[in-house]
Novice: 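Have a look at the structure that comes next, please.
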Amino acid sequence: MRNPNRLYDFYDKLRDIHMEHFPDWRFGQFMTNFLKTCQRCTYSDPFYWEEDRFLEEVNKFVEKMKGDARVYKQ
């Protein structure tokens with residue numbers, strides 16, 4: 001069994017990304033936008049990602065959104 005305490009760090013980092021880059025988005029909006037992008041752009045399913053891979057892909061999403069001025073406002 002995986003150590004459940006690993007989730008504290010994961011959720012802290014996810015929260016920090018959400019607050020820094022998408023503070024006006026609701027959590028569901030953040031996850032829906034991110035996961036829709038994942039389904040269109042990657043060859044793998046987020047269902048199978050470990051937390052480090054998930055954060056890596058969220059950071060790619062942030063960079064992609066920075067390039068889209070219609071969506072990303074800071």
Side-chain angles (χ1 to χ4, degrees):
M1 179 176 182
R2 289 187 184 106
N3 181 353
N5 290 324
R6 78 190 188 290
L7 296 173
Y8 288 113
D9 187 49
F10 170 73
Y11 288 124
D12 285 346
K13 288 177 181 177
L14 189 61
R15 181 200 61 228
D16 291 346
I17 292 167
H18 187 185
M19 290 178 71
E20 180 179 346
H21 298 286
F22 309 104
D24 292 335
W25 289 7
R26 296 172 304 279
F27 181 75
Q29 185 177 7
F30 175 38
M31 286 295 96
T32 298
N33 289 336
F34 166 64
L35 292 170
K36 281 184 181 180
T37 300
C38 291
Q39 290 173 343
R40 282 185 251 132
C41 298
T42 65
Y43 58 88
S44 66
D45 186 341
F47 180 86
Y48 298 103
W49 296 347
E50 296 292 336
E51 286 79 18
D52 59 339
R53 170 74 187 276
F54 195 93
L55 290 172
E56 181 182 317
E57 296 298 330
V58 168
N59 283 310
K60 288 179 188 177
F61 173 73
V62 168
E63 292 305 312
K64 182 178 186 296
M65 291 295 102
K66 283 182 179 179
D68 188 346
R70 297 169 301 134
V71 177
Y72 186 84
K73 297 175 187 168
Q74 200 172 37

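Small disclaimer: the values here were computed from a predicted structure and weren't measured.
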Novice: Can you name the nearest heavy-atom pair linking I17 to V62, along with the distance?
Specialist: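 Shortest heavy-atom separation between I17 and V62 comes out as CG2-CG2, 3.7 Å.
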
Novice: Check this for me: does any side-chain nitrogen of one of R2 and E50 sit under 4.0 Å from a carboxylate oxygen of the other?
Specialist: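 Salt bridge flag = yes for E50 with R2.
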
Novice: Give the other cluster members for F47, using side-chain heavy-atom distances under 4.5 Å between Ile, Leu, Val, Met, Phe, Trp and Tyr residues; answer none if it is isolated.
Specialist: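 ILVMFWY cluster around F47 also holds Y48.
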
Novice: Under the rule for side chain to side chain contact (heavy atoms under 4.5 Å, CB included), what residues qualify as partners of R26, not counting sequence neighbours?
Specialist: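 Expected list: Q29.
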
Novice: In chain order, what residues pass the salt bridge (Lys or Arg N to Asp or Glu O under 4.0 Å) check against D12, with sequence neighbours excluded?
Specialist: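 For D12, the residues satisfying salt bridge (Lys or Arg N to Asp or Glu O under 4.0 Å) (neighbours in sequence not counted) are R15.
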
Novice: On a heavy-atom basis, which atom in F61 and which in N33 lie closest, and how many Å separate them?
Specialist: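 For F61 and N33, the tightest heavy-atom pair comes out as CE1-O, 3.7 Å.
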
Novice: Check ring pair (Phe, Tyr, Trp, His ring centres under 6.0 Å) between F10 and all other residues, then give those that pass, not counting sequence neighbours.
Specialist: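 Checked F10 against ring pair (Phe, Tyr, Trp, His ring centres under 6.0 Å); matches are F54.
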
Novice: List the residues meeting side chain to side chain contact (heavy atoms under 4.5 Å, CB included) with N5, not counting sequence neighbours, and say none if there are none.
Specialist: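 Here the qualifying residues are N3, Y8.
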
Novice: Kindly give the cluster partners of M1, where membership spreads through any ILVMFWY side chain lying under 4.5 Å from a current member.
Specialist: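 Cluster partners of M1: none, it stands alone.
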
Novice: Return the orientation label for the F22 and W25 ring planes: parallel under 30°, perpendicular over 60°, tilted otherwise.
Specialist: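 Judged by the thresholds at 30° and 60°, the geometry between F22 and W25 is parallel.
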
Novice: Nearest 0.5 Å, please: how far is CZ in F30 from NE2 in H21?
Specialist: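 Interatomic distance, H21 NE2 to F30 CZ, rounded to 0.5 Å: 9.0 Å.
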
Novice: Only counting residues at least two apart or in another chain, list the ones meeting side chain to side chain donor-acceptor pair (under 3.5 Å) with E56.
Specialist: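 In terms of side chain to side chain donor-acceptor pair (under 3.5 Å), with neighbours along the sequence ignored, E56 is linked to no residue.
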
Novice: Check K60 with E63, please: is the shortest side-chain N to carboxylate O separation under 4.0 Å?
Specialist: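 Salt bridge: no.
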
Novice: D9: which residues meet the side chain to side chain donor-acceptor pair (under 3.5 Å) condition with it, sequence neighbours left out?
Specialist: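 Expected list: K13.
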
